[in-house]
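Worksheet for the structure shown next.
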Amino acid sequence: LLNSKICQLLKNSKTSIVIFTPYFNLPRAIIKPLLAALKRKVRVTLVVGDKSASDFYLKPTEPYSFIGIIPYIYEQILRRFAKRYQSYISSGRLEVKLWRDGDNSYHAKGIVVDERFHLLTGSNLNPRAWSLDLENGLLVSDPQQKLMPVFEREYQAIINHAQSLQHY
């Protein structure tokens with residue numbers, strides 16, 4: 001139910017989509033409506049954790065563990081995505097922001113559509129979560145946009161630690 005609601009929100013978007021996810025490995029079911037939204041001239045912003053802000057990131061001084069490769073895999077997936085959709089990045093319709101703040105990890109998850117719908121979720125928005133995990137979410141509809149001042153403050157606090165990707 002959560003997965004279909006996410007797809008429905010993306011498909012019905014009219015002006016803007018903001019997605020917060022710690023790991024970039026979006027399922028095809030999200031990529032397709034995102035691309036359709038971009039083609040409809042909806043502005044899409046992805047706020048993703050930098051590989052070093054991942055829970056799985058191992059500092060060069062830490063002993064090697066196989067799990068430490070995961071942030072690099074997500075980085076490669078993001079690079080391929082950005083390369084494939086570079087024209088949307090160049091036009092300003094797609095913005096990819098990489099979050100990093102010292103040794104802190106980034107674990108924000110959620111979606112804001114058209115400054116009206118706010119989905120707070122535990123879902124990592126990846127194929128594994130979509131097929132195996134039982135995730136939950138809280139969807140808030142805010143037609144008068146009374147939550148936007150609070151969202152804007154939170155958003156600014158997050159993107160103060162994010163760098164916009166200009167090129168893959």
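For the single chain, residues carry numbers from 1 onward in sequence order. Note that these values count all heavy atoms, side chains included, but never hydrogens, waters or copies made by symmetry.
- When side chains are defined from C-beta on, Pro22 counts as touching Lys109, because their heavy atoms get closer than 4.5 Å.
- Between Phe81 atom CZ and Gln76 atom CD the span is 15.0 Å, to the nearest 0.5 Å.
- Pairs engaging residues 26-64 under the ring-ring contact (aromatic ring centres under 6.0 Å, His included) rule: Tyr23-Phe56 [sequence neighbours left out].
- Here CD1 of Ile6 is found 4.5 Å from CD1 of Ile111. Values are rounded to the nearest 0.5 Å.
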For the pair Asn160 and Asp101, evaluate side-chain contact (heavy atoms from CB on, under 4.5 Å) and give the outcome as yes or no after the intermediate values.
CA-CA 9 Å; Asn160 279 341; Asp101 181 19; over 6 Å; no
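- Residues in residues 132-153 take part in these side chain to side chain donor-acceptor pair (under 3.5 Å) pairs, two or more places apart or across chains: Arg116-Ser141, Arg128-Asp133.
- Counted by atom type alone, Gln8 and Lys5 present one or more donor-acceptor pairs between their side chains at under 3.5 Å.
- By the criterion of side-chain heavy atoms lying less than 4.5 angstrom apart, applied directly or through intervening Ile, Leu, Val, Met, Phe, Trp or Tyr residues, Val44 is grouped together with Leu9 in one hydrophobic cluster.
- Ile77 meets the side chain to side chain contact (heavy atoms under 4.5 Å, CB included) test with Phe24, Asn25, Ile73, Tyr74, Arg80; sequence neighbours excluded.
- Think of Leu58 as one node in a network of Ile, Leu, Val, Met, Phe, Trp and Tyr side chains linked at under 4.5 Å; it has no links at all.
- Once rounded to the nearest 0.5 Å, the distance linking CG of Leu120 with CG of Leu138 reads 5.5 Å.
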Check the pair Val96, Tyr168 against side-chain contact (heavy atoms from CB on, under 4.5 Å), reporting the backbone distance first and the verdict last.
CA-CA 10 Å; Val96 179; Tyr168 69 91; over 6 Å; no
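- Looking only at side-chain heavy atoms (C-beta outward), Leu10 and Cys7 stay at 4.5 Å or farther from each other.
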When you look at Leu46 and Leu78, which way does the side-chain contact (heavy atoms from CB on, under 4.5 Å) test go after all the steps?
CA-CA 11 Å; Leu46 303 171; Leu78 178 59; 5.5 Å; no
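- Grouping the Ile, Leu, Val, Met, Phe, Trp and Tyr side chains by contacts below 4.5 angstrom, directly or via other members, places Tyr72 apart from Leu98.
- Within 6.0 Å of CG in Leu1 there are 12 or fewer heavy atoms belonging to other residues, nucleotides or ligands.
- Between the CD1 atom in Ile30 and the CG atom in Leu35 there is a gap of 12.0 Å [rounded to 0.5 Å].
- A single hydrophobic cluster is seen to contain both Tyr88 and Ile19, as judged by linkage of ILVMFWY side chains at heavy-atom distances under 4.5 Å, directly or through other members.
- Ile159 and Val48 fall into different hydrophobic clusters, where Ile, Leu, Val, Met, Phe, Trp and Tyr are joined by side-chain heavy atoms under 4.5 Å apart, directly or via other members.
- Within the structure, ring-ring contact (aromatic ring centres under 6.0 Å, His included) contacts touching residues 110-137 (residues at least two apart or in different chains) are His118-Phe151.
- The CZ atom of Arg100 sits 13.0 Å away from atom OG of Ser105, with the distance rounded to the nearest 0.5 Å.
- The main-chain N or O of Ser13 is found under 3.5 Å from a side-chain atom of Arg40 such that the two form a donor-acceptor pair.
- With sequence neighbours excluded, the residues satisfying side-chain hydrogen bond (donor to acceptor under 3.5 Å, both in side chains) with Glu95 are Arg43, Lys97, Ser164.
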Should Asp114 and Thr15 be marked as a side chain to side chain donor-acceptor pair (under 3.5 Å) after you check the CA-CA gap, both sets of side-chain angles, and the distance that decides it?
CA-CA 5 Å; Asp114 296 338; Thr15 58; 3.2 Å; yes
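- The CZ atom of Arg79 lies 9.0 Å from the CG atom of Leu165; values are rounded to the nearest 0.5 Å.
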Tell me, with the steps shown, if Asp103 and Lys59 meet side-chain contact (heavy atoms from CB on, under 4.5 Å).
CA-CA 10 Å; Asp103 288 341; Lys59 295 177 187 169; 3.3 Å; yes
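- At least one donor-acceptor pair closer than 3.5 Å links the side chain of Trp99 to the backbone N or O of Ile158.
- Following chains of ILVMFWY side-chain contacts shorter than 4.5 Å, one cannot reach Phe20 starting from Leu2, and the two form parts of different hydrophobic clusters.
- At least one side-chain heavy atom of Asp55 sits under 4.5 Å from a side-chain heavy atom of His107.
- Within the 4.5 Å cutoff, no side-chain heavy atoms of His167 are placed close to those of Ile89.
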